[in-house]
Student: 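Structure in structure tokens, see below.
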Amino acid sequence: MSSADNSTACPANATVCNGTSCVLPEDNFNETLSVTLSSVLTIMLALVMFSMGCNVELRKFWGHIKRPWGIFVGFLCQFGIMPLTAFLLSLAFNVLPVQAIVVLIMGCCPGGTASNIIAYWVDGDMDLSISMTTCSTLFAMGMMPLCLFLYTKMWTDSNAIVLPYDSIGISLVALVIPVSFGMYVNHRWPSKAKIILKVGSIVGALLIVVIAVVGGILYRGSWIISPKLWIIGTIFPAAGYSLGFFLARVAGLPWHRCRTVSLETGMQNTQLCSTIVQLSFTPEQLELMFTFPLIYSIFQVLFALLILAGYRVYRRHRIKTKTDAEKTEEKEDSKSMSSRAKINGGFVSNETKDTVTSVSIN
């Protein structure tokens with residue numbers, strides 16, 4: 001075949017060409033795009049965590065470390081409730097062994113940083129939220145191997161699962177350093193910290209949505225998996241939120257900390273789960289379960305947004321009810337003042353007149 005024919009029969013980037021049979025170089029576009037977006041999102045997430053740190057006071061944060069009852073409740077939820085729930089769901093739906101493993105890996109992961117952003121929007125305890133995320137990531141170094149050893153024996157040897165300790169360490173560093181800078185800014189320049197916090201909270205909320213959308217685009221070819229995993233991916237985060245809130249309330253934590261523990265329990269580090277899965281399984285096995293972390297991520301965000309919307313409606317209704325009650329109480333006070341004036345022969349003190357006038361104006 002002539003060179004001209006050769007050029008028309010084969011693409012220009014073919015490495016080996018024999019007639020109509022060509023060997024093309026591996027297309028790394030999707031992988032390159034994934035790495036690029038991952039780097040950009042990591043930097044953005046670090047900036048968001050810096051802004052979240054601007055709402056953390058060192059004194060309160062250290063108070064949670066010295067009196068770690070809230071952290072202990074979160075620890076029980078994170079490494080007690082979630083792995084057990086993953087185990088029970090895998091048994092209940094009778095999924096394939098490799099699929100049960102990915103559900104268990106998700107259940108054994110530490111809390112994700114997205115929970116800190118949502119905790120801010122639902123008026124949670126930010127000091128507790130960040131201390132829980134930090135501690136759960138640190139405890140994951142030992143608790144993940146232990147939980148996987150206990151729960152995966154039915155389906156596989158736990159030694160077959162590769163735990164990326166470097167990724168866990170990077171997650172910890174990416175959390176601690178930005179938050180520490182944010183705490184310092186809050187200590188030195190409180191007024192500027194409030195501005196940074198407002199901007200970062202909005203950017204963080206948008207970032208959560210962007211991560212879910214980007215993940216869906218990058219892994220659109222892996223959506224065809226067992227319907228059972230779709231159902232588990234829906235139930236699992238909802239169960240985490242509900243059980244975390246229930247256990248925190250039973251432990252006697254106040255309502256704003258119950259919301260915080262609930263979010264920390266249901267929101268897992270799905271990026272870490274995806275990394276573990278890719279390191280531990282063959283391409284054939286990945287086809288059966290690789291998308292589950294993304295499914296979990298999407299539904300944990302959807303349920304978190306529902307929690308946020310529900311809390312905002314409740315808060316607005318509560319403020320309105322409280323305002324109406326205060327106005328009613330003021331009117332009753334003004335009536336009682338008038339009746340006392342009649343009893344006193346029409347005498348009303350200047351203080352009482354001022355009070356009645358202000359009530360009338362309102």
Side-chain angles (χ1 to χ4, degrees), residues 45 48 52 73-74 76-90 92-93 102-126 128-129 132-133 136 201-202 204-216 219 223 225 227-249 253 255-274 291-316:
L45 188 59
V48 170
M52 292 294 104
V73 173
L76 290 180
C77 294
Q78 194 71 63
F79 298 110
I81 288 178
M82 293 303 281
L84 179 60
T85 302
F87 179 76
L88 295 176
L89 286 173
S90 300
F93 286 91
V102 72
V103 175
L104 284 165
I105 292 174
M106 178 61 72
C108 296
C109 282
T113 51
S115 60
N116 309 130
I117 302 169
I118 303 297
Y120 168 79
W121 283 105
V122 298
D123 297 329
D125 188 333
M126 289 300 298
L128 176 61
S129 178
M132 281 181 61
T133 304
S136 69
S201 63
I202 296 172
L206 295 175
L207 185 61
I208 292 174
V209 178
V210 168
I211 290 175
V213 173
V214 168
Y219 303 113
W223 286 103
I225 60 172
K228 293 180 179 180
L229 286 186
W230 277 96
I231 298 173
I232 293 175
T234 307
I235 296 175
F236 199 1
Y241 290 133
S242 303
L243 293 174
F245 186 90
F246 176 75
L247 183 59
R249 195 58 192 160
L253 296 182
W255 291 107
H256 70 297
R257 290 183 180 174
C258 290
R259 295 193 295 270
T260 303
V261 172
S262 172
L263 291 169
E264 288 294 326
T265 304
M267 281 200 153
Q268 299 292 81
N269 191 333
T270 54
Q271 294 86 357
L272 178 60
C273 179
S274 297
T291 314
F292 179 76
L294 183 58
I295 294 173
Y296 186 98
S297 177
I298 291 173
F299 281 105
Q300 78 174 4
V301 171
L302 287 177
F303 284 123
L305 294 177
L306 289 176
I307 292 171
L308 173 58
Y311 173 74
R312 287 291 169 176
V313 171
Y314 162 76
R315 182 186 175 190
R316 187 177 303 170

Student: For Thr265, enumerate each residue passing the side chain to side chain contact (heavy atoms under 4.5 Å, CB included) test, keeping only those at least two apart in sequence or located in another chain.
Tutor: Cys77, Met82, Val261
Student: Tell me yes or no: between the side chains of Ser115 and Glu264, is some donor less than 3.5 Å from an acceptor?
Tutor: yes
Student: May I ask you to decide if Pro237's main-chain N or O and Gln300's side chain share a donor-acceptor pair within less than 3.5 Å?
Tutor: no
Student: Keeping Ser136 on the side-chain end and Thr133 on the backbone end, is there a donor-acceptor pair under 3.5 Å?
Tutor: yes
Student: List for me each residue that meets side chain to side chain donor-acceptor pair (under 3.5 Å) alongside Arg249, sequence neighbours excluded, and say none if there are none.
Tutor: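 Checked Arg249 against side chain to side chain donor-acceptor pair (under 3.5 Å); zero matches.
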Student: Has the side chain of Ser262 got a donor or acceptor atom that lies under 3.5 Å from a matching backbone atom of Cys258?
Tutor: no
Student: Compare all side-chain heavy atoms of Thr270 with those of Leu294 and state whether any distance is below 4.5 angstrom.
Tutor: no
Student: Could you grab the distance from atom OH of Tyr296 to atom CE of Met267, nearest 0.5 Å is fine?
Tutor: 9.0 Å
Student: CD1 of Ile232 to OG1 of Thr85: how many Å apart, nearest 0.5 Å?
Tutor: 12.0 Å
Student: Using a 3.5 Å distance criterion without hydrogens, assess whether the side chain of Arg259 forms a donor-acceptor pair with backbone atoms of Val122.
Tutor: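 At least one qualifying donor-acceptor pair exists.
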Student: Using the side-chain contact (heavy atoms from CB on, under 4.5 Å) rule, take Leu229 and Val103 through it: C-alpha gap first, then chi angles, then the decisive distance, then the call.
Tutor: CA-CA 8 Å; Leu229 286 186; Val103 175; 4.0 Å; yes
Student: Is it true that Asp123 and Arg315 have a side-chain N and a carboxylate O under 4.0 angstrom from each other?
Tutor: yes
Student: Examine the side chains of Asn116 and Ser129 and answer whether a donor and an acceptor come within less than 3.5 Å of each other.
Tutor: yes
Student: Is it true that, when you exclude Phe93 itself, more than 12 heavy atoms of the residues, nucleotides or ligands shown sit nearer than 6.0 Å to its CZ?
Tutor: yes
